[in-house]
Amino acid sequence: MEYNFRNIEKKWQEQWIASGAYKVSNDSTKPKAYILDMFPYPSGAGLHVGHPLGYISSDIYARYKRLKGFNVLHPMGYDAFGLPAEQYAIERGIHPAISTEANIQTFRRQLDNIGFSYDWSREVQTCDPKYYRWTQWIFLQLFESFYNRHNKKAEKLEVLVASFEKEGNKVHAFPNNKYELSNGSKTFTAAEWKAMDEVAQREILMQYRLAYLAYTDVNWCEALGTVLANDEVINGVSYRGGFPVIKKKMRQWNLRITEYAERLLEGLDVIDYSDSMKEIQRNWIGKSFGAEISFKVKSEQNTVTDMTVFTTRPDTIFGVDFMVVAPEHDMVKEITAADRQQAVDEYLQYVQSRSEVERMAEVKKITGCFTGAYALNPFNGREIPIWISEYVLAGYGTGAIMAVPCGDERDHKFAQHFNIPITNIIGAAYDGKEANPTKDAVLENSDFLNGLVMRDAIEVVLKKVEEARIGKRQVNYKMRDAGWSRQRYWGEPFPIVFKNDVPYAMDVKDLPLQLPPSDDFKPSGTGEGPLANVPSWVNISDTEKHDTNTMPTHAGAAWYFLRYMDPHNEQEFASRKALDYWNQVDVYIGGSEHAVAHLLYSRLWVKVLHDLGFLSFDEPFKKLINQGKITGDSRFVYRVRNSNEFVSAGLKDKYETDQLHVDVNIVDGLELDTEAFKKWKPDFADATFILEDGKYICGSAIEKMSKSYYNVINPDQVVEKYGADTFRMYEMFLGPLEASKPWDIKGIEGVHRFLKKLWRLFYDETKGQVWNTDKATDAELKVIHKAIRKIEEDTERFSFNTAVSAFMVCVNELNDLKCNKKEILEKLVILLTPYAPHVSEELWQLMGNAGSVLDASYPVAEEKYLIETSKEYPVSINGKVRTQLVLSLEATQQEVEQLLLANEIVQKWLEGKSPKKVIYVKGKMLNVVV
RNA sequence: ACCCCGGUGGCGGAAUCGGUAGACGCGAAGGACUUAAAAUCCUUUUCCCAGCAAUGGGAGUGCAGGUUCAAUUCCUGUCCGGGGUACCA
């Protein structure tokens, strides 16, 4: 009876479905555990061996928790809205719903193959109207709420309106401090509010809503015909397709995530994400402490009296040699001197003509223009020229800076480029060639700051600034509000009705607002989304319209983990009872590429839902683990130039060759299957080979797994050849979960051999059953209890690679002891269940156990079998290990010293001298210092 | 440029709190079983030197220092690789 993994795996997969083994109840007295994978976007390419890495680890952990007596929620679903399906629709004319459905089926088949314990009755698909109904509902919660800065949480708009009716916006100032009413004021009174018509009131409310419409500079991608979020633009080009992106002003939905910057930052202290992940989020939020300082302005027109800059280095105020404002700054046209007008206009035109790509590509290029106006240093009245330059961004701080060339590299380069004299305020710390951004130099040429260390001077200036009422301390964030409109068909429609262009929330009972059927997915080209091609849907009546945009793919992903808790609820996005029971995701496993967008938006939505009283927790994921990528291991053949002759890698230097990728599936290790190669592509049908030692040896390289490199390994093939249990364990055995590593099929034999060896502890090819019910010896008990402790510890800390090796050690040791005892082996089978569920269930059953091994109880490591009475200590002389000595664990320092001095080898190294010191660390080691 | 993470045999990797570096697996070499092969089993395998051998000695965790009885582990500097951010004042 040999290990027939194909029959075993098929049989149990079917039985587990039939018995509903993975169905999870919301009603349980057991403690809960919520173990989640980042749900995949169902691409047309299907899964490659890199995808399941995270899924296998979460499955192991979920199964482990189940054995440990937890009620485990371990669901799976699909992030099914998104760009590729729509691009595919445009190219092939296949409706995204159809291609998405087909892709989901492929994914499902591939996933099922690997033996996951997902409760598929809880599956969600973000493109399902039953699901996106609630995505739209949550969007409306955001639309109908504002962020109350006083108690730092989201509240219903009614609270705000009540405040307006009582005291205008005195208590709740406009979140955007640059926003002005048509009369130029930033405030209004209760009387003024009440006097406004509905349109005006709604315009004001729009300034507060957490989901709001605004004309914003958006990243417009002409080729994709859509707007992209900041995180979808990489180096000035679109993240998908790599098309150019330009700035364009459009009326867009936005999420006021900036109001949550501080809470998103603080939340990082209480959640268990990797350091690098937290770091990425901190950088993205980009908090910086500084001051806003006002400078008097002297200009010909004299209409502007003050300009305000943001600086993190108020200590350098006496080193300010020029001011720079962003080209888009409103002030520019009011301060420009008559004789500078032409130059300024030309510069502004130049800036406008520059695309985002050019700006990105030419970061080092220094451009700018003098306005003819001056600012006055508030402390010594010095006249400082005001320049415009694109290196100052309108959207950050106040859109204006004070430039300190001796301390800031960009300012320094600018000053050198335009020959602006540089004031040195840090003496020898500045060499005249390069700026020095130190905070530790002693200030000079700095009036009342002279002699102070810069670090300390910051506080002195801040106090002075506040006393003189010319500025205030200010915290700024790099993060911007999130653009939430996409000019796309395949996404959630906005549940909004525009009545005479004023947006109103749809009635909740009318949700979902479904996507209309359409076969025209091309962008309208005007900036409107493809829904504009369905006028019957857009135009509800002459005066009422739907938005032609849809939400980004992040919308559905921002809350799916909540829906799994109660996926079929038609009254609520999930019942409060289910939400309270399952609570936070205990362990969330996924790729680090979602560090910014998905995780930040999920955290935001959960915080808002929490503030509005729907959730008892305000962070979605308690612990996050980023699995590493599995890279591809490419193979190359070398074609002799201008021929169809291929030379083996070892001989290729003797010829002039071209290197070609070859399908890794027709290479065994490095040896090419030349017959398969001839059949691979018609071009190679009559290929000839120059062999070495009768073999064709390929070249190799580690690259990302990609179709175009022919290095993609489909898990289906691996499962077919070795079985799901081997595949699962091998993926874990490759290395630490978080590390990136190359896929190398060679090592899989070792893991497969291990499972066969395990099987032979129970059944032998010739003898049949070898397991027995004899009483276990102490040595055998020790082996299994050692394994229990090690494997439990390793599983608990997600160190699955070392757990697999612990299984191997255990089987090797039992094999050496010729132990075939059920008492020992059944414990091993339970331990193995999370890792290799099929073979474990089979052996469990064959041993005559009742019930499924999935619900067995995890063995407990008993100390009494693990206690040692003596230990072989390493004996070091001066830190170098020279010999070993077996000692009782009870040995005292005195006994140890006596034994050591009597030892021959120790004596040899002492060379007659007496030791200076004998270090004895119980249970660890001995060291003799001579 | 800045920030984060990492660098250990031929290879993937292990060493969890500063205590025998190289677990486990692959690959390689030799052997057993077999007509043969597959499968399986056994032995060796960080490098260098000496020895027929048991063994003995030296070096060794990117590099250079430091702290310590003891450093892959902690500290400083430096090089290399991966990731993130990219004019954020």
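Order of the sequence lines fixes the chain letters, A, B, ..., with proteins taken first and strands second; residue numbering starts at 1 for each chain.
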Hey, which sits more toward the 5' end of RNA chain B by its nearest nucleotide, A:V928 or A:Y477?
-> A:V928

Nucleotide by nucleotide, 5' to 3', does protein get under 4.0 Å of the base (B), only the sugar-phosphate (S), or neither (-) in nucleotides 14-26 of chain B, counting heavy atoms?
-> SSB--BBS-BBSS

Ring centres under 6.0 angstrom apart (A:F418, A:F322) | no

Taking syn as any angle within 90 degrees of 0 and anti as the rest, which one fits B:G9?
-> syn

Qualifying residues under salt bridge (charged side-chain N to carboxylate O under 4.0 Å, His left out), relative to A:K439, sequence neighbours excluded = none

Tabulate protein N/O versus nucleotide N/O from nucleotides 2-7 of chain B, keeping only pairs under 3.5 Å, one per line.
from : atom 1 : to     : atom 2 : distance (Å)
B:C3 : O2'    : A:E279 : OE2    : 3.1

Indicate yes or no: at least one non-hydrogen side-chain atom of A:M729 is less than 4.5 angstrom from one of A:L832.
-> yes

Whole angstrom value for the distance that separates C1' of B:A89 from CZ of A:F414 | 13 Å

Hey, does the side chain of A:S592 come within less than 4.0 Å of B:G84's phosphate (OP1/OP2), counting only N and O?
-> no

Select base, sugar-phosphate, or nothing to describe what A:K916 touches, counting heavy atoms under 4.0 Å on all strands.
-> nothing

Applying side chain to side chain donor-acceptor pair (under 3.5 Å) to A:E279 and not counting sequence neighbours gives none

Atom CZ of A:F800 and atom CD of A:E731: how far apart are they, to the nearest 0.5 Å?
-> 13.0 Å

Do A:F295 and A:I386 come within less than 4.5 Å of each other through their side chains, counting heavy atoms only?
-> no

A:D794: side chain to side chain donor-acceptor pair (under 3.5 Å) partners, not counting sequence neighbours | A:K790, A:R797, A:T802

note: A:Q627, atom CD; B:G83, atom C1'; distance rounded to Å ~ 15 Å

So the stems of RNA chain B, runs of at least three Watson-Crick or G-U pairs (under 3.5 Å), are B:1-7 with B:79-85, B:10-12 with B:24-26, B:27-32 with B:40-45, B:46-50 with B:55-59, B:62-66 with B:74-78

Please state how far atom CZ in A:R760 lies from atom C1' in B:C41, giving the value in whole angstrom units.
-> 9 Å

Taken in chain and number order and not counting sequence neighbours, the residues that satisfy side chain to side chain donor-acceptor pair (under 3.5 Å) with A:S294 are A:T308

Non-neighbouring partners of A:Y835 that pass ring pair (Phe, Tyr, Trp, His ring centres under 6.0 Å), sequence neighbours left out | A:F807

If you look only at pairs with a residue in residues 315-325 of chain A, which of them pass as a side-chain hydrogen bond (donor to acceptor under 3.5 Å, both in side chains), with sequence neighbours excluded?
-> A:R313-A:D315, A:D321-A:R382, A:D321-A:T423

Between A:T367 and A:Y347, a side-chain donor and acceptor under 3.5 Å | yes

Name the residue closer to the 5' end of RNA chain B, choosing between A:I905 and A:N815 according to the nucleotide with the nearest heavy atom.
-> A:N815

Check salt bridge (charged side-chain N to carboxylate O under 4.0 Å, His left out) between A:K757 and all other residues, then give those that pass, not counting sequence neighbours.
-> none

Side chain to side chain, A:T311 and A:I317, heavy atoms closer than 4.5 Å | no

Set of residues satisfying side chain to side chain donor-acceptor pair (under 3.5 Å) with respect to A:S274, sequence neighbours excluded | A:S276

Would you please confirm or rule out a distance under 4.0 Å between OP1 or OP2 of B:G84 and any side-chain N or O of A:R282?
-> no

Rounding to a whole Å, what distance do you find between A:I317:CD1 and B:A89:C1'?
-> 13 Å

For nucleotides 58-65 of chain B, tabulate all protein N/O to nucleotide N/O atom pairs closer than 3.5 Å, reporting atom names and distance.
from  : atom 1 : to     : atom 2 : distance (Å)
B:G58 : OP2    : A:R882 : NH1    : 2.8

Any A:Y391 side-chain N or O less than 4.0 Å from OP1/OP2 of B:A89 = no

Is B:C17 in the syn range, within 90° of 0, or in the anti range?
-> syn

So what does A:S288 touch, heavy atoms closer than 4.0 Å: a base, only the sugar-phosphate, or nothing?
-> sugar-phosphate

